[in-house]
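Taking it in order: structure first as structure tokens, then the write-up.
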Amino acid sequence: ADEAVTTESRLIKILKRVQAFVIENFLLVGFCGAVILAFAYPVGGKLFYSWQTGDYRIIELLNNCVVFFISGVTLKVEDLKTVVNHKVPVVYSLVTINVLTTLLSFGLIRLPYVTEDFAIGLTIFCTVPTTLGVGVALTLLAKGDQILSLFLTVVSNLLGIVTVPFLLGIYLSNSGVINIDPVKLTMKLAITVLLPTVVGMLTRYFISYTPAFTKQYRTQLSMISTFNLVMIVWMALSSARNTLLEQNAGEVLFVMAVAVCMHVLFLSLNTLVVSKHVLKFSPQQAISVVIMASQKSSPVALAVITSLATVKPQQKGLFALPCIIGQLSQIFIGSFIAGRLAKWVGDDNEGAVQESVMEMVSMEEDDRYLESNVESTELMELGVDNTNIDKL
């Protein structure tokens, strides 16, 4: 009986550890599961992906709406005021996300060794704004400024409604395989991004118990958002599985290498700019800016792709592959560096605390010295000589 109880208690401990690991690494676990399931059994993902009305894939649209609704409902107005006060990190991030990083598209569209479809997919991926919930999740793991990350997620994607159609029209102007309708694309991004965000913010403002609810179930809401992102990637990857397996392995590996190099390049440049030697952001702000300004959104890229008019329907699957590969590379790299960034924040905070303590000790010693001098001066004014002062 004792052995049975011991075995049961060990099993419970193991299950609790597994549960804690899954919750803490839900993003990474979810995307790994999506990749495995998409390649092992793509039927379910293909089925969901095929449900379509007009240019909108029903399940994908619902997933995107849930993600941005949660972003809107958890966005506090008072937090926005605090973030806006930090003008330099906000302006730098938004300009970098929506303009500067997209300039790499001039080179991506002319990539050698890959088909034009893959090059267009990489160009689209490079032109879209930052990730939806992935960046905020990675910021949480890295102990960065989550409020700033959430703000950048919402605002950069709202700006993307205007910038993406305009910039894609420039970067893909010499491509004859697709036709971009800026008005149609803007309308689709407005429905996918703007509408659910605004509904979420209005829900928080008009329904009184919403703030308390979002605070109490913060982790659960984050996991729901991440699950919807995982579903988008799972469906897209399931739909493109056969197309991916039919491609030249060398080209696919080259696209993967380009996606990784692109992300590493963005990480390196942003880290250099926000370091203590240039813009001198605080560690939490620096981590948020580096993560958010170095990532691109696969779900938004897929939404853009579905609205494009192509010569061949299967081309959209080829456009989507670099976006999915790029998203996965960002997740794996981000998960790898998040722990190290969190340690850096901890070390920096510890150093700041020690410095603050030393300053307090120094101030106390200065106060004691001043008090001693004042007392000595007062006694001398009363006619007490230095010898007696020393005795006192």
Side-chain angles (χ1 to χ4, degrees), residues 87-132 134-135 149 152-153 155-178 180 182 185-186 189 193 254-275 278-279 281 286 288-305 307-308 319-327 329-330 333-334:
K87 294 181 177 61
V88 177
V90 170
V91 172
Y92 169 79
S93 300
L94 293 177
V95 172
T96 301
I97 291 168
N98 292 93
V99 181
L100 297 181
T101 53
T102 70
L103 296 176
L104 188 62
S105 296
F106 282 118
L108 294 174
I109 194 61
R110 295 171 175 82
L111 271 180
Y113 312 120
V114 294
T115 63
E116 187 178 15
D117 293 336
F118 280 165
I120 291 173
L122 284 169
T123 301
I124 294 173
F125 183 62
C126 186
T127 307
V128 297
T130 191
T131 48
L132 305 182
V134 175
S149 291
L152 294 176
T153 298
V155 177
S156 67
N157 278 278
L158 293 178
L159 291 175
I161 295 173
V162 178
T163 61
V164 171
F166 173 74
L167 292 174
L168 278 180
I170 296 174
Y171 298 143
L172 301 178
S173 58
N174 295 326
S175 174
V177 299
I178 62 173
I180 298 176
L185 183 54
T186 301
L189 291 176
V193 178
F254 183 74
V255 170
M256 189 180 300
V258 171
V260 170
C261 290
M262 181 174 73
H263 186 47
V264 171
L265 175 65
F266 291 161
L267 284 171
S268 302
L269 292 177
N270 285 313
T271 301
L272 177 64
V273 173
V274 305
S275 66
V278 185
L279 294 181
F281 292 168
S288 176
V289 171
V290 167
I291 290 175
M292 303 306 296
S294 302
Q295 300 208 21
K296 296 295 179 178
S297 175
S298 174
V300 175
L302 295 176
V304 171
I305 289 170
S307 68
L308 298 177
F319 294 163
L321 290 178
C323 304
I324 296 169
I325 292 173
Q327 180 83 78
S329 67
Q330 290 176 168
I333 294 173

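Excluded from the calculations below are hydrogen atoms, water molecules and symmetry mates; all remaining heavy atoms, backbone and side chain alike, are included.
Shortest non-hydrogen contact noted between Pro165 and Gly160 is CD-O, 3.7 Å. Residue Val260 comes nearest to Ser329 through the heavy atom pair CG2-CB, 3.8 Å, listed as atom of the first residue, atom of the second, then distance.
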Could you please spell out the steps behind the side-chain contact (heavy atoms from CB on, under 4.5 Å) verdict for Phe319 and Val304?
CA-CA 10 Å; Phe319 294 163; Val304 171; over 6 Å; no

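Put simply, the residue from Val273, Leu272, Leu269, Thr271 that forms a side-chain contact (heavy atoms from CB on, under 4.5 Å) with Val290 is Thr271.
Residues forming a ring-ring contact (aromatic ring centres under 6.0 Å, His included) with Phe266 (at least two apart in sequence, or on another chain): none. Thr163 pairs by the side-chain contact (heavy atoms from CB on, under 4.5 Å) definition with Asn98, Leu167, not counting sequence neighbours. Partners of Phe166 under the ring-ring contact (aromatic ring centres under 6.0 Å, His included) rule, at least two apart in sequence or in another chain, do not exist in this structure.
Separating the CD1 atom in Ile124 from the OG atom in Ser298 is a distance of 11.5 Å, to the nearest 0.5 Å. With rounding to the nearest 0.5 Å, the separation of CG in Leu108 from CZ in Phe118 is 14.0 Å. A distance of 7.5 Å separates OG1 in Thr123 from CG in Leu111, rounded to the nearest 0.5 Å. Between atom OG of residue Ser294 and atom CG of residue Asn270 there is a gap of 4.0 Å, rounded to the nearest 0.5 Å. How far OG of Ser268 is from NE2 of His263: 9.5 Å, rounded to the nearest 0.5 Å. Annotation: the span from Met292 atom CE to Leu152 atom CG amounts to 6.0 Å, rounded to 0.5 Å.
Checked by atom type, the side-chain pair Lys296/Thr101 shows a donor-acceptor distance below 3.5 Å. For the residue pair Ser105 / Thr127, a side-chain donor-acceptor distance below 3.5 Å is found, with atom types taken as modelled.
Residues Cys323 and Ile305 have side chains in contact (heavy-atom distance under 4.5 Å, counting atoms from C-beta outward). For the pair Val164/Pro129, a side-chain contact is recorded, criterion being any heavy-atom separation below 4.5 Å from C-beta on. Side-chain atoms of Val99 and Thr96, non-hydrogen and from C-beta on, never get closer than 4.5 Å to each other. The shortest distance between side-chain heavy atoms of Leu321 and Val255 does not fall below 4.5 Å. Here the side chains of Phe125 and Ile325 are not in contact, with every heavy-atom distance at 4.5 Å or above. Using a 4.5 Å heavy-atom cutoff, the side chains of Leu267 and Ile333 are in contact. Using a 4.5 Å heavy-atom threshold, the side chains of Ile109 and Glu116 count as separate.
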